[in-house]
Amino acid sequence: MSNPRAQHSGMRTRPGVLESRLIDIGREKFAREIWGRTPLLTRRAGEFSDLCTAEGIDELISRRGLRTPFLRVAKDGTSLPDSSFTSPAGAGATIGDQLDDTMLWRSFADGATLVLHALHRTWEPISRFGTDLSTELGHPIQVNAYITPPGGRGFDHHYDVHDVFVVQIEGTKRWVIHEPVHPAPLRHQPWTDHRAAVTRTAAGPACIDTLLEPGDCLYLPRGWIHAAEARDETSIHLTVGVHNWTRHALAEQLVRATLDALGDDPEMRRTLPVGLDGIGDEIGAVRERLMTALVEADPTSPFDRIRREQGRPAPLGPLSQLAAVLDLHPDTTVRLRGALHARLEGSYLVTRVGRFAVPKEDLPGVTRLLDGETHRAKTLGVDLVERFLRAGILTPAER
């Protein structure tokens, strides 16, 4: 049984990232009428310069030593080869696929779009934003930046296999959107599987043809066909990709859990007959055992697997972590590491970074730390705090 005070229990005391920064219709209405169903355009959704700026883009490209695949370059619907914008970085950094800012500048000046991938891994403000939004939505988040010169077009009409929130940072961009030809595609069903239908539909009347300006946010469910083109100035926008968990994914996890359980059944490990005689009877027996195991499977197991695969826990600095262990004393302040999805299951603490036995005498302290607040080591138990610091479950509180 999960602890009702588990981290991220769903209780909200103030509007989350979705409601405060991306939409203006309220979380409940968005969930009921928009989510996974239809696009939503929110004008002047918010100020996003804290997440990304032109200066920040220049820093990432020219000073951070990024490598592929953290950047892609596209022009007129075609992705350029990595060799056209990468090179070794000189003495002590001879890896050959680091970004070459001179080559990137030339491509950009020639009309190419620069796509910075996975900014939730490389840029701290976006990392915090993505973690908060992922926690709120319950689905993994990826954030990319698209930098397009005046009049540039990076990609042809296509659809994505994940939902997106498009956040316009600088400049303007025209978005042309058509209804799906393959609604709610799964991750292994890309638009290229329906290329002809996408092309035909994109040639017809659009359901949305609009210009995004700084502060605007456009939500597109997966499958909606779209293309975008910068106008008379450089455009920077973030695409916040929501890698939706689906009923199909839940079924996959349920079947996986069932097969794991059947691995403990000696009858299911039995060898099939020589010559595969009576294979029909074997299939019938396997089907019967499989159906029984599905019915008896723990209904929380597939959901737990999904939560573990949601994403990464909050960053952990090895040096500050070691300092916290070495300097530990009763008044040391610590807190539960962010985005662990920690919860008590009986006498075990289950987290993204492992499953840990909790002695009976430590249960009060563990229950207390699950509130996500800052605690002194003496209120949790100094030995417990040291063990959980070493395990990467607790981190030193910010000073």
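Computed from a predicted structure; not experimentally measured.
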Hey, does [Y] have a side-chain heavy atom less than 4.5 Å from the side chain of [X]?
X    : Y    : answer
H226 : H178 : no
R343 : T351 : no
F129 : V17  : yes
L238 : I169 : yes
T246 : R222 : yes
L186 : V161 : no
L389 : V385 : yes
I95  : D97  : yes

Would you check, one step at a time, whether the test salt bridge (Lys or Arg N to Asp or Glu O under 4.0 Å) holds for D216 with R44? CA-CA 5 Å; D216 291 347; R44 293 175 294 281; 5.3 Å; no
Are [X] and [Y] within salt-bridge range, i.e. N to O under 4.0 Å?
X    : Y    : result
E59  : R64  : yes
R21  : D50  : yes
D264 : R269 : no
R355 : E345 : yes
R128 : E124 : yes

Residues at least two apart in sequence or cross-chain that pass side chain to side chain contact (heavy atoms under 4.5 Å, CB included) with Q142, listed by chain then number, are H117, H120, N144, H243
Apply side chain to side chain contact (heavy atoms under 4.5 Å, CB included) to R390 and list each qualifying residue two or more places apart in sequence or on a separate chain.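 Partners of R390 by the side chain to side chain contact (heavy atoms under 4.5 Å, CB included) criterion, ordered by chain and then number, come out as V325, E386.
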The single option from V115, L60, T86, L104 that satisfies side-chain contact (heavy atoms from CB on, under 4.5 Å) with L71 is L104
Please determine if R231 forms a cation-pi arrangement with W175, meaning its NZ or CZ atom is less than 6.0 Å from the six-membered ring centre and no more than 45° off the ring axis.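 Not flagged: R231 not positioned over aromatic ring of W175.
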Before you tell me yes or no, could you show the steps for L40 and L218 under side-chain contact (heavy atoms from CB on, under 4.5 Å), namely the whole-Å CA-CA distance, both residues' side-chain angles and the distance that decides it to 0.1 Å? CA-CA 6 Å; L40 175 68; L218 173 65; over 6 Å; no
Tell me, with the steps shown, if S235 and Y146 meet side-chain contact (heavy atoms from CB on, under 4.5 Å). CA-CA 8 Å; S235 167; Y146 291 74; over 6 Å; no
Answer yes if the ring centres of W35 and H139 are under 6.0 angstrom apart, and no otherwise.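 Centroid distance W35-H139: below 6.0 Å, so yes.
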